[in-house]
Amino acid sequence: MDMYKMFSLEGKTALVTGAAYGIGFAIAEALAGAGAKIAFNCRGQEHLEKALEAYREKGIEAKGYICDVTDEQQVVQMAADIERELGTIDILVNNAGIIKRIPMHEMSAEEFRQVVDIDLNAPFIVSKAVIPGMIKKGHGKIINICSMMSELGRETVSAYAAAKGGLKMLTKNIASEYGAYNIQCNGIGPGYIATPQTAPLREVQADGSRHPFDRFIIGKTPAARWGNPKDLMGPAVFLASDASDFVNGHILYVDGGILAYIGKQP
Ligand code: NAP
Ligand code: GCO
């Protein structure tokens, strides 16, 4: 058995949404390292140009698209552009996402809707746009970036937890509905990862001490550290490759053991 071939993405086209930086950028870099052609999107020209430069510095000739994943017309157009320029999308990573940390009783309905729109409705929209091509090709891989909040709640993240919990079930439903077409849909549930999204939770305090939430996460993680985007690279290649052809509807938590651990005694 050629194990290198099993994990190879040579000849495959991958779309990673929201991959201008952060987790998406690391996952796109990993998929490129395994041989995939990379397409990514974000909302602004400035982020796009910076990202293209960053990919080039890594030796990756990625194709970048300005596309708001909540806009179905933009998504359909982006999928058609990718198909024309890189070929049918074989691998989709629904990574684009936001969080708003607001106590629920202070959160507006519009703010709640914004989070759900990007974190849950958009993975539906983008998956719907790429599945027909995957069916036609006879295979496909969809990876939804879920969260610890697909399993747990905490103060101020009601919209995010609701969306990521829904994304876990959307993952299982796509797996159920399209497994017969040799399309595998799985999730990656990152733990607490050091990216711009979590920067506010790691801000050094005025007295030079660590943020209380930073200390809390260190105590809750057996590895006693925050995750890095690179910790997600191997799991992403696994779920994007032939090596996971019989893995379907699974959420792979890459959390350093937080979900398994009661936490260090203070
Ligand atoms: P991030 O640094 O804030 O990056 C989010 C990315 O999504 C950016 O590239 C952003 O690009 C893009 N994006 C946001 N809304 C978009 C929209 N409507 N259309 C297109 N692109 C959009 O976040 P991250 O930490 O890398 O997180 C990436 C994913 O992992 C998210 O789904 C997040 O929920 C999830 N996650 C993160 C952690 C963590 O600890 N960091 C843990 C678990 C799960 P522009 O703003 O330039 O458009
Ligand atoms: C938060 C964090 C988390 C992480 C991630 C954990 O405010 O609790 O932002 O939600 O982003 O989702 O898996």
Side-chain angles (χ1 to χ4, degrees), residues 15-29 39-52 54-55 62 64-72 74-75 78 93-103 113-123 125-126 143-168 170-171 187-203 211-214 216-217 220-221 225-232 235-236 251-259:
L15 167 60
V16 185
T17 67
Y21 48 86
I23 286 172
F25 183 92
I27 287 177
E29 182 186 353
F40 75 98
N41 72 295
C42 59
R43 289 167 292 186
Q45 191 61 33
E46 187 188 344
H47 282 171
L48 184 78
E49 284 166 14
K50 280 185 183 165
L52 287 169
Y55 281 113
Y65 302 83
I66 300 287
C67 173
D68 182 332
V69 290
T70 65
D71 182 319
E72 186 160 25
Q74 288 184 36
V75 168
M78 175 175 68
V93 181
N94 282 309
N95 166 79
I98 65 165
I99 191 167
K100 289 183 186 292
R101 300 183 182 96
I102 305 167
R113 269 193 290 269
Q114 280 172 6
V115 175
V116 173
D117 208 16
I118 295 170
D119 293 6
L120 178 57
N121 296 344
I125 288 170
V126 186
I143 302 169
N144 292 324
I145 307 302
C146 297
S147 161
M148 304 269 302
M149 287 28 236
S150 298
E151 302 294 342
L152 303 170
R154 84 173 184 87
E155 300 80 1
T156 76
V157 297
S158 58
Y160 184 82
K164 291 298 187 180
L167 185 57
K168 174 175 78 170
L170 179 63
T171 300
I188 290 178
Y192 280 83
I193 312 294
T195 71
Q197 191 246 52
T198 55
L201 305 175
R202 290 176 283 108
E203 249 167 30
H211 190 292
F213 196 87
D214 181 355
F216 169 67
I217 290 303
K220 282 288 285 178
T221 310
R225 69 172 175 88
W226 283 70
N228 297 301
K230 72 175 175 52
D231 290 317
L232 300 164
I251 312 297
L252 178 56
Y253 285 98
V254 184
D255 66 356
I258 295 183
L259 281 176

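Every number for a ligand or one of its atoms is a count from 1 in the order of the listing.
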So, R202 side chain and T195 main chain: donor-acceptor pair closer than 3.5 Å or not?
-> yes
Is any N or O atom of S147, backbone or side chain, closer than 3.5 Å to an N or O atom of ligand 1?
-> no
Using a strict cut-off of 4.0 Å, indicate which atoms of ligand 1 neighbour a heavy atom of C67.
-> 19 (N), 20 (C)
Give a yes or no answer on whether the side chain of T17 reaches the backbone of N95 with a donor-acceptor pair at less than 3.5 Å.
-> yes
Distance-only, no hydrogens or angles: does the N41 side chain make a donor-acceptor pair with backbone N or O of G18 under 3.5 Å?
-> yes
Kindly state each residue pair satisfying salt bridge (Lys or Arg N to Asp or Glu O under 4.0 Å) with at least one member in residues 149-168, sequence neighbours excluded.
-> E151-K168
With sequence neighbours left out, write down each residue that passes side chain to side chain donor-acceptor pair (under 3.5 Å) with D119, or none if nothing qualifies.
-> none
Keeping the roles fixed (side chain from N228, backbone from K230), state whether a donor-acceptor pair exists under 3.5 Å.
-> no
Can you find an N/O atom of I23 closer than 3.5 Å to an N/O atom of ligand 1?
-> yes
Can you list the atoms of ligand 1 that are under 4.0 Å from a heavy atom of G22?
-> 26 (O)
Do any heavy atoms of Y160 fall under 4.0 Å from ligand 1?
-> yes
Contacts of E46 meeting side chain to side chain contact (heavy atoms under 4.5 Å, CB included) (sequence neighbours excluded), chain-then-number -> K50
So is I118 polar-close to ligand 1, meaning N/O to N/O under 3.5 Å?
-> no
Would one find an N or O of T195, backbone or side chain, under 3.5 Å from an N or O of ligand 1?
-> yes
Tell me, please: is G191 in heavy-atom contact with ligand 1, that is, under 4.0 Å?
-> yes
Any nitrogen or oxygen of G18, main chain or side chain, under 3.5 Å from a nitrogen or oxygen of ligand 1?
-> yes
M148 heavy atom under 4.0 Å from ligand 1 | no
Tell me, please: is A51 in heavy-atom contact with ligand 1, that is, under 4.0 Å?
-> no
N/O separation below 3.5 Å, D119 to ligand 1 | no
Who's touching ligand 2 if we go heavy atoms under 4.0 Å?
-> I99, R101, S147, M148, M149, R154, V157, Y160, P190, G191, Y192, Q197, T198, L201
Atom 47 (O) of ligand 1 sits nearest the protein heavy atom H47 ND1, 2.4 Å
Decide whether the shortest distance between a heavy atom of D68 and an atom of ligand 1 is less than 4.0 Å.
-> yes
Would you say ligand 1 has an N or O under 3.5 Å from any N or O of T70?
-> no
Side-chain donor/acceptor of T198 to backbone N/O of I193, under 3.5 Å = yes
Within reach of ligand 1, part of C146 (heavy-atom separation under 4.0 Å) = backbone
For ligand 1, find out whether one of its N or O atoms is nearer than 3.5 Å to an N or O atom of T198.
-> no
Taking distance alone, with no angle check, do I193 and ligand 1 share an N/O pair under 3.5 Å?
-> yes
